[in-house]
Amino acid sequence: MPELPEVETMCRGILAIVGGVVQRLDVPRGACKPIRIQPQLRELRRRIAGQEVTGIGRKGKRVLVQLANRHVLVFEPRMTGLVLLSTPPDRAHVRVILTLLGSPAPQLVYWDRRGLGSVRLLSPGEQAREFSTDRLGPDALDVDVDELKDRFAGSRSPIKVALMDQGRIAGIGNLYASEILFVARIHPATPCAAIRTTDWPRLHAAVRMVLEEAISYEGSTLGDGTYRNALNQQGRYQNHHRVYQKEGTRCPVCRRGTIRRIVQAQRSTFYCPSCQRNRPSR
DNA sequence: ATTAATGTTCAGAA
DNA sequence: TTTCTGAACATTAA
């Protein structure tokens, strides 16, 4: 569920740990299976001990805690992971606790109900490999129109599916793909190769517009209420969704069409058949 | 009681 | 090469 806006909100929420020095890292023995942690705990602790947190970064849907020795702790929340400075939703699913000295926030907690996420420490070399542009595309807020077009235009896959492909650009998931295509007025089933030249600037603008708008509301907390910011507060962008999970309601723009739901790559897509009427070529 | 569904990423197959 | 499928996991709803 956490996509770019939610992860960006997490990052902003943990800025208070910058300047702190790593004292310890604990993995509470909970009732559930351990999550993926790399490298092994002993090695991990040896490499982060006493290091100052020099900054917080983000790459797509990942939170980066940058350390003085150029290593970076990468939190990947996947479905239900949260990076918190406050009390977690429950004790059972606290996966990692990072304790710091000399920062206003003494502890960073990684909580993950389903445990699909991971915590990894990457050396500079590993970062280069992990974040190379063929493994993980440029961040969705960093691409310009030309790069967007270059990375998508050749493909025959539907634009909705391609937007969620982290190898093309990083950060967009199921929710924001629907919202972005609605704002761009592009039918989600349109093959990338069939998108008109004049539509790329509109798509690019919609990517920025929707993501920045969602960030300003601190992301979306959906039905099960899992997603929270670093202070355990809900996002508010769910109150501003235009089409996501709005099947059957009147289109907010044209007021004639009714929002439809289709399934693409085993996931729900929402769109307005009236506003987004590019003809998919097959 | 079991089954499906959730939504992201990866490995492996088509 | 690109695209698709199932698994990873925990919890809830049917």
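Every chain is numbered from 1, with letters handed out A, B, ... down the list of sequences. The figures here come from the full heavy-atom set of this structure, side chains too, leaving out hydrogens, waters and symmetry mates.
Annotated stems with DNA chain C as a participant read B:2-6 with C:10-14, B:8-14 with C:2-8, given as range with range, by first number; only runs of 3 or more Watson-Crick or G-U pairs under 3.5 Å qualify.
Judged by closest nucleotide on DNA chain C, S155(A) is the one of K33(A) and S155(A) placed further toward the 5' end. Nucleotides of DNA chain C nearest to D90(A) and V161(A) differ in position, and the one nearer the 5' end is that of V161(A).
Between D139(A) and K59(A) there is no salt bridge, since no side-chain nitrogen of the basic residue lies less than 4.0 Å from a carboxylate oxygen of the acidic one. Residues R120(A) and E76(A) are paired through a salt bridge, judged by an N-O separation under 4.0 Å between the basic side chain and the carboxylate. A salt bridge does not link K149(A) with D146(A): none of the charged nitrogens is closer than 4.0 Å to a carboxylate oxygen. By the 4.0 Å N-to-carboxylate-O rule, D112(A) lies too far from R114(A) to be salt-bridged with it.
Between Q266(A) and dT5(C) there is a side-chain N or O to OP1 or OP2 distance below 4.0 Å. For dC9(C), neither phosphate oxygen OP1 nor OP2 lies less than 4.0 angstrom from any side-chain nitrogen or oxygen of H93(A). The phosphate of dT8(B) (OP1 or OP2) has no side-chain N or O of Q166(A) nearer than 4.0 angstrom. For dG7(B), the OP1/OP2 oxygens have a side-chain nitrogen or oxygen of Y244(A) closer than 4.0 Å.
Atom-to-atom, CE of M164(A) to P of dG7(B) comes out at 11 Å; the value is rounded to the nearest Å. We find that CD1 of I35(A) is positioned 13 Å from C1' of dA8(C), with the value rounded to whole Å. Taking atom CZ of F75(A) as the reference point, atom P of dT9(B) lies 17 Å away to the nearest angstrom. Distance Q264(A) CD to dG7(B) P: 15 Å, rounded to the nearest Å. Residue R113(A) contributes atom CZ, which lies 12 Å from atom C1' of dG7(B) at whole-angstrom precision. We find that CD of E76(A) is positioned 12 Å from P of dT8(B), with the value rounded to whole Å. The CG-P distance, from L116(A) to dA11(B), rounds to 15 Å in whole Å. For Y176(A) and dT8(B), the OH to P distance is 11 Å, given to the nearest whole Å.
Between the side chains of T80(A) and Y227(A), not a single donor N or O lies within less than 3.5 Å of an accepting N or O.
In this structure, F152(A) and W200(A) have tilted ring planes: the angle between them lies in the 30° to 60° band.
For dT5(C) and dA5(B), the P atoms lie 15 Å apart once the distance is rounded to whole Å. dT9(B) and dT12(C) have their C1' atoms separated by 23 Å, with the value rounded to a whole Å. Taking atom C1' on both dA4(B) and dG6(C), the two are 15 Å apart, rounded to the nearest angstrom.
Ranking dT9(B), dC9(C), dT3(C) by closeness to the R114(A) side chain, first place goes to dC9(C).
Remark: side-chain polar atoms of Q38(A) are not paired, donor with acceptor, to backbone N or O of V119(A) under 3.5 angstrom.
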- prompt: Where do Y271(A) and F182(A) land on the ring pair (Phe, Tyr, Trp, His ring centres under 6.0 Å) test, with the steps shown first?
  reply: CA-CA 6 Å; Y271(A) 73 103; F182(A) 175 76; 9.6 Å; no
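As judged by a 4.0 angstrom heavy-atom cut-off over every strand, R168(A) is placed among residues touching the sugar-phosphate backbone only. Contact annotation for R267(A): base contact, defined as any heavy-atom pair under 4.0 Å involving a base atom.
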